[in-house]
Amino acid sequence: MCHEIRTPLNAINGFSELMLTEENPATRHLYQEEIRKSTASLTSLLENMLELSKLISTEELLPLAETDVCLICAERLELQKALNANPSVEYSFESIEGGGSCVVPTNAVYLTRVIDNLLQNAAKFTAAGRITLACHDDRTNRMLRISVSDTGIGIPPEKREWVFERFTKVDPFKPGTGIGLYLCRLVVTRLGGDIHVCPEYEGGCCIRISLPY
């Protein structure tokens with residue numbers, strides 16, 4: 001944790017000092033971009049830790065409200081696409097409802113956190129290819145299904161449950177604290193649902209959420 005906090009902090013401090021003496025506009029822009037990315041990384045890390053601490057410290061049920069989940073999915077996918085800015089990765093959104101509304105009772109704040117974490121993970125491990133966010137409201141069985149799939153490095157079969165434990169990382173050289181998927185499972189479980197790595201998916205990784213309502 002100390003290492004993961006110090007890394008973006010050092011980058012922010014270092015590039016901020018360099019900007020004070022750099023006169024080339026193009027170079028200054030590069031420094032600004034590095035500061036922005038490090039700030040976003042640090043903010044996400046601290047927000048995850050705060051949410052994790054809050055969830056662990058109480059067993060209260062998460063408040064629910066009618067929420068358009070398809071709208072949240074579409075918005076978070078566009079945001080991740082803008083933040084990642086990788087021209088080698090294509091982003092797509094799939095809705096069984098054909099892009100219409102998908103209003104179900106859930107906790108919008110925590111579900112948004114889960115979707116963000118899954119998209120950030122997919123972007124981190126996908127250098128090129130596609131990231132797909134799918135949302136399906138199965139009204140017959142009253143089940144909301146959300147999945148994030150990618151064409152990245154994937155997760156070995158023996159680690160499909162292990163990755164949901166605290167402080168675990170598929171690639172130890174990638175930045176991150178290893179609590180993202182743990183937090184996702186904690187939230188989904190508190191919402192009465194299930195989250196798992198799809199064993200049948202090939203060519204990358206697919207994580208699926210099932211939420212009854």
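Side-chain atoms are counted along with the backbone in the values below, which use heavy atoms only and exclude waters and symmetry mates.
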Give me the atom names and distance for the closest heavy-atom approach of [X] to [Y].
X    : Y    : answer
C205 : V197 : SG-CG1, 4.4 Å
S88  : A127 : CB-O, 3.6 Å
R166 : I179 : CG-CG2, 4.5 Å
T126 : V89  : O-CG2, 3.5 Å
Y201 : D150 : OH-O, 2.9 Å

Sidechain-backbone polar pair: [X] side chain, [Y] backbone, donor-acceptor under 3.5 Å:
X   : Y   : value
S41 : K37 : no
T67 : A65 : yes
N84 : Q80 : no

Taking the side chain as C-beta and beyond, is there a heavy-atom pair between [X] and [Y] under 4.5 Å?
X    : Y    : answer
K81  : F93  : no
N121 : I207 : no
L181 : N117 : no
Q32  : I35  : no

List the atom pairs, with distances to 0.1 Å, where a side-chain N or O of residues 183-193 and a protein N or O form a donor-acceptor pair under 3.5 Å, not counting sequence neighbours.
{"residue": "R185", "atom": "NH1", "partner": "E161", "partner atom": "OE1", "Å": "2.8"}
{"residue": "R185", "atom": "NH2", "partner": "E161", "partner atom": "OE2", "Å": "3.3"}
{"residue": "R185", "atom": "NH2", "partner": "I195", "partner atom": "O", "Å": "2.8"}
{"residue": "T189", "atom": "OG1", "partner": "R185", "partner atom": "O", "Å": "2.7"}
{"residue": "R190", "atom": "NH1", "partner": "L55", "partner atom": "O", "Å": "3.0"}
{"residue": "R190", "atom": "NH1", "partner": "T58", "partner atom": "O", "Å": "3.2"}
{"residue": "R190", "atom": "NH2", "partner": "T58", "partner atom": "O", "Å": "3.4"}
{"residue": "R190", "atom": "NH2", "partner": "E60", "partner atom": "O", "Å": "2.4"}

Inset, instruction - Kindly indicate, with the supporting measurements, whether the criterion side chain to side chain contact (heavy atoms under 4.5 Å, CB included) is fulfilled by L211 and V69. - result: CA-CA 11 Å; L211 288 174; V69 178; over 6 Å; no
Is there a path of hydrophobic side-chain contacts, each under 4.5 Å between heavy atoms of I, L, V, M, F, W or Y residues, that connects [X] with [Y]?
X    : Y    : value
Y91  : L133 : yes
L62  : V103 : no
V109 : L50  : no
Y182 : W162 : yes

Could you state the interatomic distance from [atom1] ([X]) to [atom2] ([Y]), rounded to the nearest 0.5 Å?
X    : Y    : atom1 : atom2 : answer
R36  : E33  : CZ    : CD    : 4.0 Å
Q120 : L79  : CD    : CG    : 8.5 Å
S92  : L77  : OG    : CG    : 7.0 Å
R113 : N107 : CZ    : CG    : 11.5 Å
H196 : C206 : NE2   : SG    : 7.5 Å
N13  : L18  : CG    : CG    : 11.0 Å

Show me the side-chain donor-acceptor pairs of residues 141-149 shorter than 3.5 Å, one per line, residues at least two apart or across chains.
{"residue": "N141", "atom": "ND2", "partner": "D138", "partner atom": "OD2", "Å": "2.8"}
{"residue": "R142", "atom": "NE", "partner": "Y213", "partner atom": "O", "Å": "2.9"}
{"residue": "R142", "atom": "NH2", "partner": "Y213", "partner atom": "O", "Å": "3.4"}
{"residue": "R145", "atom": "NH1", "partner": "D138", "partner atom": "OD2", "Å": "3.0"}

Legend entry - Positive for side-chain contact (heavy atoms from CB on, under 4.5 Å) with T112, one of D116, I115, V114: D116
